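Contents: one structure, followed by commentary.
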Amino acid sequence: MGWGDLGAFGEPSKETPNLDQMAAEGMLFLDFYTASPLCSPSRAALLTGRLPVRNGFYTTNGHARNAYTPQDIVGGIPDSELLLPELLKKAGYTNKIIGKWHLGHRPQFHPLRHGFDEWFGSPNCHFGPYDSTERPNIPVYRDWDMAGRYYEDFKIDLKTGEANLTQLYLQEALDFISKQQASQQPFFLYWAIDATHAPVYASKQFLGTSQRGLYGDAVREIDDSVGKILKHLQQLGISENTFVFFTSDNGAALISAPKQGGSNGPFLCGKQTTFEGGMREPAIAWWPGHIPAGGVSHQLGSVMDLFSTSLSLAGLQPPSDRQIDGIDLLPVILQGKLIDRPIFYYRGNELMAVRAGLYKAHYWTWSNSWEEHSKGIDFCPGQSVDGVTTHTQEEHTYLPLLFHLGRDPGEKYPLSFASEEYQQAVEHISGLVQQHKATLVPGQPQLNVCDQAVMNWAPPGCEKLGKCLKAPESDPKKCSWPH
């Protein structure tokens, strides 16, 4: 989902009344970022509070390659990483994930091995349908065991875009919240729906209701679901004891726009890139009775901050034996403070850009290769900026491209290298980069090796459903990451 997809962020059709109301009752973060312009690494960052280059969710197969976890990936979230739900357990929390996990699908990476108590959802994206010989359909899990597969048991109609998955995920959320409230049990719910990821889907009652087409239908259903979850918390009388945060894993995928992609507002490019459109996200904090209504924050925030903030809410300290990149946002949310901190924009194993205050310095630029671009793969359609949206990897380490994001949120007008403003800002940011790189210990890259034999042929529980498939011989290879 893109920064420009919600009415509260200026989307012209104003089709997100519940999220807009959530913003009116809570706090809007205008400068909130993901940790990667792609789904898997950003989710790993959210749950560990650490940059993907630290937690292993990156590749060294080719410089600055974006990588995620397709079903032939061998790696996943390492046991050495401490995930938010594992830590919350220490304070007596019950933890549930609903929807997309995407941190590895082999048994050792199962979310219930990493702190979650319950799961209803899928280890991968809802791509398919597949033929069960070259590639199996993706499983949907109920806790430890699969409950069926996408397209076979959980229908998605690619012609009409109809699927009732968001409704299933909504009901799961409402039931879980009711159960925890009845048992007076503190809980952490990670509601990771994926209806706005191409192939986009929505349930029957939402199809054809948006001015924005199918993508808008999906956004409207997500908005409606968020409204129902917040109302449920209020009806149960626990809204004042429940902190809720809404955001996205990366910017809108312009490669599938306009029919299956959203809006990144005034920002440059989209998903897969380290321009603002790829990494700046819509973000809303809601906690009635604690967060003053109608707040707007210019705090530089990150999905990794949700790790530190959640621990703080539970009265826990972050682990002290590793570098945590997230900060505790409670002073920002509750007292309106601003904390000075940089934002690091990584693409794979390369630090591409850094933001400090209103300045953003690009040390590398790259949208995608000429070869990919010539095939019609375009992450910046209609947005070419000379010398900025480059189709070869361009290094600017010694003379970074600098933008003032207050005056130029679209990254169209680099500051003059000769100006005093440029020299002062770059000197400051260079110091932050040196400090960051001096202490950086990259994790073991998890996204380098692919093997057809590890795909979802025979997930746990498949024998009960008669859904086990024969796996091919193991043949590990280096994964190919064209982006």
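None of the values given here were measured: they were computed from a predicted structure. The chain is numbered in sequence order, starting from 1.
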Task: Residue list, ring pair (Phe, Tyr, Trp, His ring centres under 6.0 Å) with Phe109, at least two apart or on another chain - done: none
Open item on the list: Has Asn349 got a side-chain atom pairing as donor or acceptor with Ala64's backbone, closer than 3.5 angstrom?
Closed with: yes
Open item on the list: Could you check whether any side-chain N or O of Gln452 sits under 3.5 Å from a backbone N or O of Glu134, counting only pairs where one atom can act as donor and the other as acceptor?
Closed with: yes
Task: Phe127: ring pair (Phe, Tyr, Trp, His ring centres under 6.0 Å) partners, not counting sequence neighbours - done: His197
Open item on the list: Could you check whether Tyr345 and Glu276, counting side-chain N and O atoms only, form a donor-acceptor pair closer than 3.5 Å?
Closed with: yes
- [ ] Report yes if the SG atoms of Cys450 and Cys479 are separated by under 2.5 Å, and no otherwise.
- [x] yes
Task: side chain to side chain contact (heavy atoms under 4.5 Å, CB included) between Arg280 and Arg355, worked out - done: CA-CA 11 Å; Arg280 202 189 294 205; Arg355 178 173 174 184; 3.5 Å; yes
Task: Side chains of Tyr151 and Ile138 in contact at under 4.5 Å (non-hydrogen atoms) - done: no
Task: side-chain hydrogen bond (donor to acceptor under 3.5 Å, both in side chains) partners of residues 233-242, not counting sequence neighbours, each pair once - done: none
Open item on the list: Holding to ring pair (Phe, Tyr, Trp, His ring centres under 6.0 Å), I want the full list of residues that pass it with Phe344, two or more places apart in sequence or in another chain.
Closed with: His436
Task: Inter- and intrachain pairs under salt bridge (Lys or Arg N to Asp or Glu O under 4.0 Å), touching residues 470-483, at least two apart - done: Asp475-Lys477
Open item on the list: Under the rule for ring pair (Phe, Tyr, Trp, His ring centres under 6.0 Å), what residues qualify as partners of His114, not counting sequence neighbours?
Closed with: none
Task: Any donor-acceptor N or O pair under 3.5 Å, side chains Gln167, Glu221 - done: yes
